[in-house]
J.: 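Just passing along the structure, written as structure tokens.
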Amino acid sequence: MLEFRYDTQLLIEGENLDEDEINDYITEHFAGDCLLAVGDEDLIKIHFHTNEPWKLLEYAAGLGEIYDIVVEDMDRQSRGLQG
């Protein structure tokens with residue numbers, strides 16, 4: 001069993017985005033691992049393994065427009081299932 005089940009990926013488009021602030025906020029407020037927050041002040045890509053992807057999506061939506069959202073169940077994938 002995986003500690004963090006959902007591979008969550010998305011793009012945030014906005015203004016004055018700061019990848020370091022976003023990285024720090026996610027690290028401090030959400031349980032998970034494998035965090036990647038990269039981009040510039042207009043566009044940030046997020047990659048994060050968590051058990052509560054909806055919380056990450058809610059936070060990101062507060063920063064700007066979110067799109068290209070992918071939430072994959074890594075537990076299903078490890079069992080050879082689509083997911």
J.: Strictly by side-chain hydrogen bond (donor to acceptor under 3.5 Å, both in side chains), give each pair with a member in residues 12-21 just once, sequence neighbours left out.
T.: none
J.: Decide whether V71 and F30 are clustered together by the hydrophobic rule: side chain heavy atoms of Ile, Leu, Val, Met, Phe, Trp, Tyr closer than 4.5 Å, transitively.
T.: yes
J.: Taking C-beta and beyond as the side chain, do V38 and L36 meet within less than 4.5 Å on heavy atoms?
T.: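 Of all side-chain heavy-atom pairs linking L36 with V38, at least one is under 4.5 Å.
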J.: Rounded at 0.5 Å granularity, tell me how far OG1 in T27 sits from CZ in F48.
T.: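 That separation rounds to 7.0 Å.
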J.: Mind checking what makes side chain to side chain donor-acceptor pair (under 3.5 Å) contact with D33, not counting sequence neighbours?
T.: H49
J.: How many angstroms lie between CD1 in I12 and CD1 in I46, if you round to the nearest 0.5 Å?
T.: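 Rounded to the nearest 0.5 Å, the CD1-CD1 separation comes to 4.5 Å.
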J.: Sub-3.5 Å donor-acceptor pair from the side chain of T50 to the main-chain atoms of G32, do we have one?
T.: no
J.: Using salt bridge (Lys or Arg N to Asp or Glu O under 4.0 Å) as the criterion, list what pairs up with D24, not counting sequence neighbours.
T.: none
J.: Partners of D75 by side-chain contact (heavy atoms from CB on, under 4.5 Å), sequence neighbours excluded?
T.: M1, R5, D73, S78, R79
J.: Hydrophobic clustering (ILVMFWY, side-chain heavy atoms < 4.5 Å, transitive) - are I69 and L63 grouped together?
T.: yes
J.: State which residues pass side chain to side chain donor-acceptor pair (under 3.5 Å) with D7; sequence neighbours excluded, sorted by chain then number.
T.: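 Expected list: Q9, H47.
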J.: Taking all non-hydrogen atoms of both residues, which atom of T8 and which atom of P53 are closest, and how far apart?
T.: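 Distance-wise, the nearest heavy atoms are OG1-CB, 3.3 Å.
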J.: Who else is in L43's hydrophobic cluster (ILVMFWY, side-chain heavy atoms under 4.5 Å, direct or via others)?
T.: L11, Y67
J.: For a quick test of reading the model, state the closest non-hydrogen atom pair linking A37 to I22 and the distance between them.
T.: CB-CG2, 4.5 Å
J.: Under the salt bridge (Lys or Arg N to Asp or Glu O under 4.0 Å) rule, collect the residues that match up with K55, sequence neighbours excluded.
T.: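 Partners of K55 under the salt bridge (Lys or Arg N to Asp or Glu O under 4.0 Å) test: E52.
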J.: Sort and list the pairs that fulfil side-chain hydrogen bond (donor to acceptor under 3.5 Å, both in side chains) and have at least one residue in residues 36-46, not counting sequence neighbours.
T.: none
J.: Tell me the closest heavy-atom pair linking A60 and L10, and the distance in Å.
T.: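 Of all heavy-atom pairs spanning A60 and L10, the closest is CB-CD1, 3.5 Å.
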J.: For the residue pair Y25 and Y59, categorise the inter-ring angle as parallel (less than 30°), tilted (30 to 60°) or perpendicular (more than 60°).
T.: parallel
J.: Before giving the answer on side chain to side chain contact (heavy atoms under 4.5 Å, CB included), spell out for L35 and N23 the whole-Å C-alpha distance, their side-chain angles and the decisive distance to 0.1 Å.
T.: CA-CA 8 Å; L35 174 60; N23 190 316; 3.3 Å; yes
